[in-house]
Protein chains: 2
Amino acid sequence: MLPYKELARLDKLVHEPARLAILTALSACTLAEFLFLQELTGLTKGNLSSHLAKLEKAELIVIDKHFIRKKIPQTTVRITDEGRAAVDRHWKQLASIHRAIQRQGAHNENHIVSRTTLT
Amino acid sequence: MLPYKELARLDKLVHEPARLAILTALSACTLAEFLFLQELTGLTKGNLSSHLAKLEKAELIVIDKHFIRKKIPQTTVRITDEGRAAVDRHWKQLASIHRAIQRQGAHNENHIVSRTTLT
DNA sequence: AGAACCAGTTTGTAATGTAAACCTAAAAAA
DNA sequence: TTTTTTAGGTTTACATTACAAACTGGTTCT
C-alpha cells in the first residue's frame, strides 16, 4: 500500500495519544496499578478510567478490580497478548511508514505535484 | 518530561492519522493538487476537504482555490514553514519518545508495577 | 435541452475525548 | 460519636471530532 494511505488508515484505537501511552506503558509491565498508570501518563482519573474501559472492550487489556485486605479498592491492569502485539505492530508500522516516505522523498527531489506525476 | 506523559500529550491536530498523512505528504512537495492529495492519502473528498480546512485554520497549510483557464476549479495546497516544522517535530518526537521508552525498558527488566517503585 | 460528470463543499450524525460531578468506604478530626 | 476529609475510582454531561452522504455550480456529452 502507498505509505500515505497506510498512514491515513492507522488504527485509531491504538494511535490515540492517551491510549498509545497506556498500551506502551503496559507493554513494559507485567502488571500495573491504576494510580501508577495515572502518574506515568499524567491522565486524570476519569480519562484514564474511560480509556481503560475502551481498551478492555477491545480485549487489548484485562482489568482487575479488587480490594486490598477487603478494604481499599484497587484496580490493576495487564496487557493481553493481543494488546502487546497491537502496540508493537503500531510502533513498527509508524517507523516503517516514516522510513518508506523518507526514502521516496530522497529520490524524487521533493517536487511531486499532481496526479499525472503519480507513479 | 516522562516519556509516557509526553506521549499522552501529543498534539492531536498533527497526530490524527489523516492529517499526519496530509502534512507528511505536503512536506515532501512544493505544491499539491487537491485530487493528487486525495489519491495519495485515500481519503474521500469530503474528509480531505474538512481536514484541509482545519489545517489551514491552524496556519499549517495554505489553500489556493482558483480556476484553470477560467473554467475548471482547482484547489492547490502548500505547507507553511510552521506546518513543515510541526510535522517534522512530530515525527522526531515520536521517534525520540519511543527510543527513550525502549532504553528504560531494557534496564529495569520490565517489571514496573506500582507507584512506590516509580523512580 | 437534458443527462452525466467533475471538483470540490456543506450538512447531519454518531462517536470521541475530556472535565466535572459523583459515589463508597476508610481514616482523621472535632 | 458525629463530622469532615481523603482515597480510589466511576459516571455523567458536554463540546468536539471525523466521517459519509447529500449537495452545489459549472461543463461536457448526446
Side-chain angles (χ1 to χ4, degrees), chain A residues 5 7-23 31-58 60-78 113-116 118, chain B residues 5 7-23 31-58 60-78 113-116 118:
Chain A
K5 220 171 225 171
L7 196 42
R9 290 181 181 179
L10 286 172
D11 179 357
K12 284 194 210 145
L13 181 68
V14 176
H15 192 65
E16 197 280 327
R19 286 189 300 260
L20 187 56
I22 293 169
L23 287 174
L31 186 76
E33 295 172 12
F34 183 98
L35 290 174
F36 171 63
L37 217 47
Q38 197 203 335
E39 198 147 340
L40 221 50
T41 59
L43 296 167
T44 63
K45 290 162 198 258
N47 292 345
L48 179 54
S49 177
S50 55
H51 282 303
L52 288 179
K54 202 156 292 192
L55 290 171
E56 184 177 43
K57 195 169 170 190
L60 300 184
I61 65 171
V62 176
I63 302 178
D64 176 26
K65 299 173 189 189
H66 58 268
F67 290 82
I68 301 181
R69 298 193 323 275
K70 303 193 177 183
K71 300 226 168 174
I72 302 167
Q74 189 183 45
T75 299
T76 58
V77 187
R78 278 182 309 106
V113 169
S114 83
R115 264 184 305 170
T116 61
L118 185 58
Chain B
K5 219 169 227 172
L7 197 42
R9 291 181 180 178
L10 286 172
D11 180 358
K12 285 195 211 141
L13 180 68
V14 175
H15 191 66
E16 198 281 327
R19 286 188 301 260
L20 187 55
I22 293 169
L23 287 174
L31 186 77
E33 292 171 14
F34 183 98
L35 290 174
F36 170 63
L37 218 47
Q38 197 202 337
E39 198 147 340
L40 219 52
T41 59
L43 296 166
T44 62
K45 289 162 198 255
N47 292 345
L48 179 54
S49 177
S50 54
H51 282 303
L52 288 179
K54 202 154 295 188
L55 290 171
E56 183 177 43
K57 194 170 170 190
L60 301 185
I61 66 172
V62 177
I63 303 178
D64 176 27
K65 299 173 189 190
H66 58 268
F67 290 82
I68 301 181
R69 297 194 324 275
K70 302 193 177 184
K71 300 226 168 175
I72 302 168
Q74 188 182 45
T75 299
T76 57
V77 187
R78 279 182 308 105
V113 168
S114 83
R115 263 185 306 170
T116 62
L118 186 56

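Quick caveat: nothing in here was measured; it's all calculated off a predicted structure. Proteins get letters first, then strands, A, B, ... in listed order; numbering begins at 1 in each.
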Atom pairs under 3.5 Å: protein N/O with N/O of nucleotides 13-16 of chain D:
none

Using a cutoff of under 3.5 Å, can you pull out all pairs of nitrogen or oxygen atoms linking the protein to nucleotides 18-21 of chain C, with atom names and distances?
| unit_1 | atom_1 | unit_2 | atom_2 | d |
| --- | --- | --- | --- | --- |
| C:dT18 | OP1 | B:Lys12 | NZ | 2.5 |
| C:dT18 | OP2 | A:His51 | NE2 | 2.9 |
| C:dA19 | OP2 | A:Asn47 | ND2 | 2.8 |
| C:dA19 | N7 | A:Asn47 | OD1 | 3.3 |

Polar pairs (N or O, both sides) under 3.5 Å between protein and nucleotides 24-30 of chain D?
none

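Residues B:Thr75 and B:Asp64 have side chains not in contact (no heavy-atom distance under 4.5 Å, counting atoms from C-beta outward).
Atom OG1 of B:Thr41 and atom CG of A:Leu7 lie 9.5 Å apart (nearest 0.5 Å). Distance check, rounded to the nearest 0.5 Å: CG of B:Leu60 to CG of B:Leu52 gives 11.5 Å.
Regarding A:Arg9, its CZ atom lies at a distance of 15 Å from the C1' atom of D:dA20, rounded to whole Å. In this entry the distance linking NZ of A:Lys54 with P of C:dA14 reads 16 Å, nearest Å. The distance between atom NE2 of B:His15 and atom C1' of D:dA18, rounded to the nearest whole Å, is 15 Å. The interatomic distance linking B:Gln74 (CD) with C:dC6 (C1') rounds to 12 Å, in whole Å. Counting to the nearest Å, the C1' atom of D:dG9 and the NZ atom of A:Lys65 are 8 Å from each other. Rounded to whole angstrom, the span from the CD atom of B:Glu39 across to the P atom of C:dC6 amounts to 13 Å. If you measure from atom CG of B:Leu13 to atom C1' of D:dA18, you get 13 Å, rounded to the nearest angstrom. To the nearest angstrom, P of C:dT9 lies 12 Å from NE2 of B:His66.
For the side chain to side chain contact (heavy atoms under 4.5 Å, CB included) criterion with A:Phe34, the lone passing option out of A:Leu48, A:Thr76, A:Val77 is A:Leu48. No option in B:Val62, B:Ile63, B:Ile61 other than B:Ile61 meets the side chain to side chain contact (heavy atoms under 4.5 Å, CB included) test with B:Leu55.
OP1 or OP2 of D:dT17 has not a single side-chain nitrogen or oxygen of B:Arg19 nearer than 4.0 Å. Phosphate proximity of C:dG8 to B:Ser49: absent, as no side-chain N or O sits under 4.0 Å from OP1 or OP2.
Remark: B:Gln74 engages B:Glu33, B:His66 in a side chain to side chain donor-acceptor pair (under 3.5 Å) (not counting sequence neighbours). Partners of A:Lys12 under the salt bridge (charged side-chain N to carboxylate O under 4.0 Å, His left out) rule, at least two apart in sequence or in another chain, are B:Glu16. In this view, B:Ala53 satisfies the side chain to side chain contact (heavy atoms under 4.5 Å, CB included) rule with no residue, not counting sequence neighbours.
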